Number of protein chains: 2
Amino acid sequence: MSSRVNATAASILGLLTRKPMSGWELHAAFESSIGQFWSITRSQIYREIRTLAAGGLIEVGATGPRERRVCTITSPGCETFRSWIAAMPGDELIRFPLLLTTFFGDVVPRESLRDACTEHRDRHAERLAAYEGQLAVVAAEAPFAALTLEFGIAYERTVLAWFGGLPWMAPG
Amino acid sequence: MSSRVNATAASILGLLTRKPMSGWELHAAFESSIGQFWSITRSQIYREIRTLAAGGLIEVGATGPRERRVCTITSPGCETFRSWIAAMPGDELIRFPLLLTTFFGDVVPRESLRDACTEHRDRHAERLAAYEGQLAVVAAEAPFAALTLEFGIAYERTVLAWFGGLPWMAPG
DNA sequence: ACCGACATGTAATTCGTTACATGATTGC
DNA sequence: GCAATCATGTAACGAATTACATGTCGGT
């Protein structure tokens, strides 16, 4: 019968198919895997937990230390996830404020432009390094997760190359 | 004095610094320029128009055919935009449902996986072609907008290359 | 036995999406 | 002069962010 859920809830179900987790752990699991391309805040997770529990798609365990409650997926939950994940995914949604800065670049002080690009270039370089450091292990242990990681690496390289081509960024 | 506005409102102000537009035209202007990397829905535009008008940052003209009302930026509006655009931009936010499909690929029917990737690859190929077709004109007429376009082209190429490397996608 | 960092969750607010309504134009 | 499409906007709903509150552990 498989209830209808939104994408956020469905992705939570997906993680819970692997093992029971608390809200905090779910958040950490997103952050350390697909979080960069599937952004979710902690509050959203807690909200969806309530909804999923109300719909019987997960079960919330007893309260542990610091109000910790572990969520376990139920079989209707599994069923719902399976049918959701097999459906055609929607288009990606991107909001990239730095591109507004460059798009409106003609009215941005030159220094702000350079600062913004330098700062963001550095952040992307850090992410790229982090991704590259994980690749070997992830590829060995979780081939499907490695695809996301490969996407991340390709994406970060592209962004860095783009920064490098900006006229106000020093070459080299 | 420059009021505080959110990023959506600020980007609307940005477009209005160039010329007065109705809500519909603003939407079209986003779509045909930075829309892919700065997603905004029409309804948001109308809401922000109300807020911006209430704050005196824009002025809404008389009603034309089909309730059309042209918005004109005021000098406080310009001031607000200038100070907003000079500030450090936030990180990009991405929600890419297809990456969930691959991330959870081990429980996705092989056919769904192939269908989803094929469909999305085609969409990206179309976008790339469209971008490439625009580049010459945009580069000549609007160098800063061309940077966004170059980003778009690099991004689409990266996505397409990633699709090409997926084990279940036919090579060539 | 205190302080700081980590872990956990909720509530209020803002933002974004979907569904709707309707008025002009255009093409037949 | 009707149907289809384009242009315009609103309202209701659902999703996401921010700000908050609090509890627990680990070190000193």
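Within every chain, numbering begins at 1; the chains are lettered A, B, ... in the order of the sequence lines, protein sequences first and strands thereafter. In this text the structure is predicted, and so the values were computed from the model without any measurement.
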N/O (side chain, Ser22(A)) to phosphate O (OP1/OP2, dA7(C)) under 4.0 Å: no
Distance test, side-chain N/O of Asn6(B) to OP1/OP2 of dC15(C), below 4.0 Å: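 Result: yes.
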Check: [Y] main-chain N/O paired with [X] side-chain donor or acceptor under 3.5 Å:
X         : Y         : value
Glu25(B)  : Ser22(B)  : yes
Arg110(B) : Val108(B) : no
Thr72(A)  : Pro20(A)  : no

Any residue meeting ring-ring contact (aromatic ring centres under 6.0 Å, His included) with Phe37(B), in chain and number order, not counting sequence neighbours: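 Listed in chain order: Phe151(B), Tyr155(B).
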Mind calculating the distance between [atom1] ([X]) and [atom2] ([N]) to the nearest angstrom?
X        : N       : atom1 : atom2 : result
Trp38(B) : dG16(C) : CH2   : C1'   : 12 Å
Arg47(B) : dG16(C) : CZ    : C1'   : 7 Å
Glu48(A) : dT10(C) : CD    : C1'   : 15 Å

Over 12 foreign heavy atoms within 6.0 Å of CZ, Arg82(A):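 No, the 6.0 Å shell around CZ holds no more than 12 heavy atoms from other groups.
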Arg121(A), CZ: over 12 other non-hydrogen atoms inside 6.0 angstrom: yes
Same cluster or not: [X] versus [Y], using hydrophobic residues (I, L, V, M, F, W, Y) connected whenever any side-chain heavy atoms lie under 4.5 Å apart?
X         : Y         : result
Trp162(A) : Met169(A) : yes
Val70(A)  : Tyr46(A)  : no
Met88(A)  : Phe96(B)  : no
Ile12(A)  : Val107(B) : yes

Check nucleotides 21-23 of chain C for protein N or O atoms closer than 3.5 Å to its own N or O atoms and list the pairs.
unit_1, atom_1, unit_2, atom_2, d
dG23(C), N2, Arg66(B), NH1, 3.1

Close approaches to DNA chain D from residues 10-21 of chain A, in residue order (heavy atom, under 4.0 Å):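 Listed by number, there are none.
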Validation row: Gln36(A), Ile94(B) side chains within 4.5 angstrom (heavy atoms): no
Close side-chain approach of Arg18(B) to Phe104(A), heavy-atom, < 4.5 Å: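 Yes, side chains in contact.
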Inter-end axis angle, the helix from dA1(C)-dT28(D) to dC28(C)-dG1(D), with every axis fitted to five base pairs (rounded, 10 degrees):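 Comparing the axis at each end, I get an angle of 30°.
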Would you indicate what [X] reaches in the nucleic acid, counting non-hydrogen atoms under 4.0 angstrom: base, sugar-phosphate, or nothing?
X        : answer
Ile45(A) : nothing
Leu93(A) : sugar-phosphate
Arg69(A) : sugar-phosphate

Nucleotide range of DNA chain D lying under 4.0 Å from chain A heavy atoms: dA15(D) to dC25(D)
Nearest-neighbour nucleotide for the Gln44(B) side chain, dC15(C), dT10(C), dA19(C) considered: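 For Gln44(B), the side-chain atoms sit closest to dC15(C).
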Show me, pair by pair, the donor-acceptor contacts under 3.5 angstrom made by side chains of residues 129-146 of chain A, not counting sequence neighbours?
unit_1, atom_1, unit_2, atom_2, d
Glu132(A), OE2, Arg157(A), NH2, 2.7

Residue pair Thr8(A) / Arg95(B), side-chain donor-acceptor N/O under 3.5 Å: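 A donor-acceptor contact under 3.5 Å links the two side chains.
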Ser43(A) vs Thr8(B), nearer the 5' end of DNA chain C by closest nucleotide: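 Upstream on the strand: Ser43(A).
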